[in-house]
Number of protein chains: 2
Amino acid sequence: MDAVGIRKVSELTGLSIDTLRWYEREGLLPLVEREPGGRRRYSPAAVRFVRLVQALRRTGMPVQDVRAFVRMGSGVEWHGRRAALLEEHAEAIERHIAQLQRDLTVVRDKIAHHRELAERGLDCEDEIDLAEHGSRAKSPDDSEAGGTGDTTEE
Amino acid sequence: MDAVGIRKVSELTGLSIDTLRWYEREGLLPLVEREPGGRRRYSPAAVRFVRLVQALRRTGMPVQDVRAFVRMGSGVEWHGRRAALLEEHAEAIERHIAQLQRDLTVVRDKIAHHRELAERGLDCEDEIDLAEHGSRAKSPDDSEAGGTGDTTEE
DNA sequence: CTAAGCGCTGGAGTCCACTCCAGCGCAACT
DNA sequence: AGTTGCGCTGGAGTGGACTCCAGCGCTTAG
């Protein structure tokens, strides 16, 4: 058989052995078989399943939700529900990516700003940008930059 | 002067008041002024800074690293270093986004799979996909996809 | 047969990033 | 003047997700 041991799965996925065992205890990996001696044996299907769980976790689905997902059986009556849950999560991932992209431009703007200041050999004074944690008098005002209303996430 | 109080900053950014105070204690927000009574006053620049920190945190930069970033002064000699740090982080964000996109396709593939099974009214058998977390019991010559009753016994 | 390893289990410990008080002071309506 | 309420501080508590044992049992190489 091409079933593999826990060490191999760890190597294949990058999840630690402890994490794999912990996921199983927590009910995220229900289809791991054992060999007579009691050791875990991961069938190719089980390995694929580990990868799905890994994808869900890595994309921010809480362990609790993965468990709930896993626990609804594989029977016909659940396929729709499962698909819906995954779809919901997929949308969450997309929103997350969009947020990261917005944050990325904030960071890149900052980089550009620094590069410019570095070139000109200026401290940032009127633009602020960063603190000097010394005492500082108040700067004259400057206007607001438009912000996207964001809600705390992740 | 259009400086604002902590409540407003909380509303503007979505960060909780406690979090704002905690960030400050932890050295992530060095430029917050106080009014005579001791209350925090956030200048527009300070608010912008909060937004930068928020972007860094939301994109996964550990608090420790944000602090390190913040602590290197705003002097000329540091602009290059700061920019380099940010650049490094920007690349990390890009890698993260790429990973999310890969994981997203994993999830979407799974959705497609479920939709298909749902349409055909099939349980997943030869593809497995999900567990049978029944009692392990005795399966002498159990092999790979040997989907033993994958019915959930809820 | 013995020893070295890997794996197993249950449980404790750790880390991170907040979040939640308790107790107090200023502020400002009425 | 009173009282209602926001804000402040220091510190304790929480939740999530692992990570790290200790102690034991197969398995296998010598």
Side-chain angles (χ1 to χ4, degrees), chain A residues 3-43 46-47 50 52-70 89 92 96 103 150-154, chain B residues 3-30 32-43 46-47 50 52-70 89 92 96 103 135-136:
Chain A
V4 293
I6 197 166
R7 179 165 300 271
K8 194 70 201 295
V9 177
S10 169
E11 280 159 19
L12 287 171
T13 61
L15 295 171
S16 79
I17 289 176
D18 269 327
T19 298
L20 285 166
R21 289 201 277 242
W22 185 75
Y23 278 6
E24 197 178 333
R25 273 197 228 175
E26 292 296 308
L28 311 199
L29 298 177
L31 48 63
V32 180
E33 297 292 320
R34 301 305 178 99
E35 55 185 36
R39 301 183 167 193
R40 288 169 178 81
R41 222 84 252 286
Y42 295 77
S43 69
V47 173
V50 170
L52 172 61
V53 168
Q54 181 180 32
L56 293 177
R57 285 290 307 117
R58 219 160 27 193
T59 52
M61 182 181 286
V63 165
Q64 259 204 314
D65 295 9
V66 178
R67 183 166 35 227
F69 172 79
V70 162
H89 184 58
H96 188 192
D103 289 334
D150 46 15
T151 38
T152 317
E153 175 186 320
E154 212 222 32
Chain B
V4 294
I6 197 168
R7 178 164 301 271
K8 194 71 199 297
V9 177
S10 169
E11 280 159 18
L12 288 171
T13 61
L15 294 172
S16 80
I17 290 177
D18 269 326
T19 297
L20 285 166
R21 290 201 276 243
W22 185 75
Y23 278 5
E24 197 177 333
R25 273 197 229 173
E26 293 296 309
L28 312 198
L29 299 177
V32 181
E33 297 291 320
R34 303 304 180 99
E35 55 184 37
R39 301 183 166 195
R40 288 169 178 80
R41 223 84 253 286
Y42 295 77
S43 69
V47 173
V50 171
L52 172 61
V53 168
Q54 182 179 32
L56 293 177
R57 286 290 306 118
R58 219 158 29 193
T59 51
M61 182 181 287
V63 165
Q64 256 202 303
D65 295 9
V66 178
R67 183 166 34 227
F69 171 80
V70 161
H89 184 59
H96 187 193
D103 289 334
S135 3
R136 53 281 9 186

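Each chain gets a letter, A, B and so on, in the order the sequences are listed, and its residues count up from 1.
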Looking only at heavy atoms, the pair that brings Q54(A) and L15(A) closest together is NE2-CG, 3.9 Å
Which of the following nucleotides, dT9(D), dC18(D), dT9(C), is nearest to the side chain of Y23(A)?
-> dC18(D)
Measure the distance from CD on Q54(A) to P on dA17(D) and round it to the nearest whole Å.
-> 15 Å
Out of dA17(D), dG7(D), dT9(D), whichever nucleotide has its closest atom nearest the side chain of W22(A) = dA17(D)
Atom CD of E35(B) to atom P of dC6(D): distance rounded to whole Å?
-> 15 Å
Given dC18(D), dC8(D), dC18(C), the nucleotide with the shortest approach to the side chain of T19(A) | dC18(D)
In a check of side-chain contact (heavy atoms from CB on, under 4.5 Å) between R40(A) and each of E33(A), R21(A), E35(A), which one passes?
-> R21(A)
Rounded to whole angstroms, how far apart are CE on M61(A) and P on dA17(D)?
-> 12 Å
Distance, rounded to the nearest Å, where E26(A) contributes CD and dG15(D) contributes P = 15 Å
Which part of the nucleic acid, if any, lies within reach of R40(A) when heavy atoms closer than 4.0 Å are counted: base, sugar-phosphate only, or nothing?
-> sugar-phosphate
Counting side-chain heavy atoms from C-beta on, which of dA17(D), dC21(D), dC8(D) comes nearest to D18(A)?
-> dC21(D)
Distance in angstrom units between E11(B) CD and dC6(D) P, rounded = 12 Å
For R21(A), answer base if it contacts any base atom (sugar-phosphate contacts may also be present), sugar-phosphate if it contacts only those atoms, and nothing otherwise; contact means non-hydrogen atoms under 4.0 Å.
-> base
Presence of donor-acceptor pair under 3.5 Å, side chain of R39(A) and base of dC6(C) | yes
Quick one: on DNA chain D, does P36(A) or R25(A) contact a more 5' nucleotide (nearest heavy atom)?
-> R25(A)
Has the side chain of R39(A) got a donor or acceptor atom that lies under 3.5 Å from a matching backbone atom of G5(A)?
-> no
Any R7(B) side-chain nitrogen or oxygen under 4.0 Å from OP1 or OP2 of dC6(D) | no
With the side chain of I17(A) defined as its heavy atoms from C-beta on, choose the nearest nucleotide among dG7(C), dG7(D), dC18(D).
-> dG7(C)
Nearest-nucleotide pick for R34(A), side chain only, options being dA17(D), dC8(C), dA17(C) | dC8(C)
Using whole Å, report how far CD of Q64(B) lies from C1' of dC15(C).
-> 11 Å
Interatomic distance where OH belongs to Y42(A) and C1' belongs to dC8(C) [whole Å] | 11 Å
Please give, in whole Å, the distance from dG7(D) C1' to R41(B) CZ?
-> 12 Å
Using 4.0 Å as the upper bound for N to carboxylate O, is an ion pair formed by R34(B) and E24(B)?
-> yes
Regarding T59(A) and H96(A), is there a side-chain donor-to-acceptor distance under 3.5 Å anywhere?
-> no
